[in-house]
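Presented below is the structure to which this report refers.
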There are 2 protein chains.
Amino acid sequence: MTSLHQRIFEDIEQKIMSGTWPPGQRIPAEHELEVTYGCSRMTVSKALSALAARGMIVRRRRAGSFVASPQIDRTVMDISDIGTEAKVAGHAYSHRILSRRIERLSAVDAAVIEETAGAEVLRVECLHIVDGRPNALEKRMILLDAVPQARDETFETSPPGSWLLDQVPWSEAKHIIRAVAADAATAKLLTIERHAACLLLTRQTWQNGRTVTFVEITHPGDRYQFAGVFHPSK
Amino acid sequence: MTSLHQRIFEDIEQKIMSGTWPPGQRIPAEHELEVTYGCSRMTVSKALSALAARGMIVRRRRAGSFVASPQIDRTVMDISDIGTEAKVAGHAYSHRILSRRIERLSAVDAAVIEETAGAEVLRVECLHIVDGRPNALEKRMILLDAVPQARDETFETSPPGSWLLDQVPWSEAKHIIRAVAADAATAKLLTIERHAACLLLTRQTWQNGRTVTFVEITHPGDRYQFAGVFHPSK
DNA sequence: TAGTGGTCTAGACCACGGG
DNA sequence: CCGTGGTCTAGACCACTAT
């Protein structure tokens, strides 16, 4: 038996995650939810406080509660440029789409991401350039079942990562970070020496248990790092 | 004006962080705190629930609430062995202390960790061995002002990281992950080739704004990875 | 069995800030 | 101004579990 405040929490979480209540949407006031669920205000308040604590909603006196904007990537770690860590702002950023094609998921890839083979995926390769130097090579798969609107997107104006964050709320992400030696093709694209140490970030993102995207990002090891500040628990 | 449940939260947090209430210590029952603070049970409950949500205490019916054990490193990411990821248990672990000495913080090191030069630090180098292969080289500084009991510790029975977690609760940690090429000395200790790609994890830990320890851990890139599952916010 | 936390109620007063 | 969320009360019943 799940508690009532938990059920209210999950109901609202579901409406936000599914996009039924988009960012900025006003949530029913506490008093309205009291009536809807036939419970006291404390119970509603507990659920809404929990949602606010997780950053899913923003609560403002007199105005009401609103669905928060999609969270940016900093959840895990900030990605900072070793050479220019100081000047947080002022980066010249651009990107280049190297390739883009739609195919069906091979058995091998399906096993890796634990989805069913044959599903339609959009594969995109993208080079990220900061201050004139390539700083990341991105190889991405987007599951078209989960993100059908990606089918006709060229990613010319917005790179795949940012574009996806705007389109799809995510509920879970798994990250793996490894150190690898650059292969010939990667070395050439990143203008580094072959076998140079690189950071390889693999990220798989889900929405309600369904894979949205799977991406491998290779950074030159001498120019980039991952950094994050954490507090216990959470 | 800070709310009462917040004040209760902070009072207890302080007692835990300062070590006044060590791990395992029983916390006064809700009813006792009602009397102490002269408030209702709901107010106490709100504070204790928040502490439990942050993992600082564990609550058990009939038994009471207890200060949680210091959290293990998984806060950031699990460190898993690529080759033996499957067998979560069953690793043969051992460690070897390579060096141990007390010195005063040089100006350069002081600048790096943003502490005052001249402070006494214990420097320890430690090799971690899993299933017969070296898997990490740890170079650590422990601030003796913050952890005086480290002065006479040999770390023979427990490696510095685990020992510290048992001794000192931490309130903040900063991690940086880089990819680097192994230098000659590191390569020899880790039995890998020189210039092989390695993951370099740098971690600085604070307690109430004071640096407790600063550590650099080098992992062979082909054998290790960092992985973590995350949810939005946090 | 008895003490503890988990949940919930039906009120209340207040502070904030948008209209 | 006045609706909203923030906080708090003084109870209540129940589930769990150590003893």
Side-chain angles (χ1 to χ4, degrees), chain A residues 1-16 20-69 71 232-234, chain B residues 1-16 20-69 71 232-234:
Chain A
M1 180 53 186
T2 131
S3 61
L4 183 50
H5 69 256
Q6 192 176 330
R7 196 191 133 202
I8 299 174
F9 178 101
E10 287 165 3
D11 281 358
I12 297 177
E13 179 186 42
Q14 171 57 26
K15 287 207 174 64
I16 293 174
T20 308
W21 289 352
Q25 167 86 15
R26 180 173 172 169
I27 285 181
E30 293 190 351
H31 172 65
E32 299 175 63
L33 291 170
E34 280 183 45
V35 178
T36 304
Y37 288 95
C39 67
S40 76
R41 195 179 148 213
M42 276 296 297
T43 305
V44 169
S45 175
K46 192 163 187 175
L48 294 186
S49 298
L51 285 162
R54 294 221 187 169
M56 302 186 63
I57 68 174
V58 175
R59 314 192 74 193
R60 275 182 297 160
R61 285 177 157 111
R62 166 68 199 185
S65 299
F66 301 83
V67 176
S69 301
Q71 321 211 1
S233 165
K234 233 18 87 283
Chain B
M1 181 53 186
T2 132
S3 62
L4 182 51
H5 69 255
Q6 191 176 332
R7 196 190 132 201
I8 300 174
F9 178 100
E10 287 165 2
D11 281 359
I12 297 177
E13 179 186 42
Q14 173 55 27
K15 288 208 174 63
I16 293 174
T20 308
W21 288 352
Q25 167 86 16
R26 180 171 173 172
I27 284 181
E30 293 190 352
H31 173 66
E32 299 175 63
L33 291 170
E34 279 182 47
V35 177
T36 305
Y37 288 93
C39 66
S40 76
R41 193 179 150 214
M42 276 296 296
T43 305
V44 169
S45 176
K46 192 163 187 175
L48 294 185
S49 297
L51 285 162
R54 294 221 188 165
M56 301 188 63
I57 66 173
V58 175
R59 315 192 72 191
R60 273 182 298 158
R61 284 174 156 114
R62 165 68 199 183
S65 299
F66 301 84
V67 176
S69 301
Q71 319 212 1
S233 167
K234 213 93 139 78

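No hydrogens or angles considered: a donor-acceptor pair under 3.5 Å links the side chains of Q6(B) and E10(B).
Using a 4.0 Å heavy-atom criterion, one finds that L48(B) contacts no nucleic acid atom at all. Residue S65(A) is classed as a sugar-phosphate contact, given heavy-atom separations below 4.0 Å to backbone atoms only.
The nearest whole Å value for the distance from the CZ atom in F66(A) to the C1' atom in dG17(C) is 12 Å. The interatomic distance linking L4(A) (CG) with dG6(C) (C1') rounds to 13 Å, in whole Å. Put simply, CZ on R59(A) is 9 Å from C1' on dT4(D), counting in whole angstrom units. In this entry the distance linking NZ of K46(A) with P of dG5(D) reads 19 Å, nearest Å. Between L33(A) atom CG and dT9(C) atom P there is a gap of 13 Å when expressed in whole angstrom units. Here the P atom of nucleotide dG6(D) and the CD atom of E30(A) are 7 Å apart, to the nearest Å. Between H31(B) atom NE2 and dA2(C) atom P the separation is 17 Å, expressed in whole Å. If you take CZ of R26(A) and C1' of dT4(D), they are 8 Å apart, rounded to a whole angstrom.
With salt bridges taken as basic N to acidic carboxylate O contacts below 4.0 Å, one links R41(A) and E30(A).
For T43(A) and dT9(C), the shortest distance from a side-chain N or O to OP1 or OP2 is below 4.0 Å.
Contact annotation: the side chain of S49(B) never approaches that of F9(B) to less than 4.5 Å [non-hydrogen atoms, C-beta and beyond]. Contact of the V44(B) side chain with the C39(B) side chain is registered, since non-hydrogen atoms from C-beta on lie closer than 4.5 Å. Annotation: side chain of F66(A) is in contact with side chain of R60(A) (closest heavy-atom distance under 4.5 Å). Side-chain contact check for H5(A) versus S45(A): every heavy-atom pair is 4.5 Å or farther apart.
Looking only at distances, a side-chain donor or acceptor of R26(B) sits under 3.5 Å from a matching main-chain atom of A63(B).
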Shorter than 3.5 Å, N or O on both sides, protein versus nucleotides 10-13 of chain C: list them out with atom names.
unit_1, atom_1, unit_2, atom_2, d
dA12(C), N6, R41(A), NH1, 3.2

Every protein N/O within reach of nucleotides 15-19 of chain D N/O, cut-off under 3.5 Å:
unit_1, atom_1, unit_2, atom_2, d
dA15(D), N3, R61(B), NE, 3.3

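Under the side-chain contact (heavy atoms from CB on, under 4.5 Å) rule, L48(B) has a single partner from I8(B), I57(B), T43(B), which is I57(B).
R7(B) forms no cation-pi arrangement with Y37(B), by the criterion of a distance under 6.0 Å to the ring centre and an angle within 45° of the ring axis.
Ranked by how close their nearest DNA chain C nucleotide is to the 5' end, H5(A) and E32(B) are led by E32(B).
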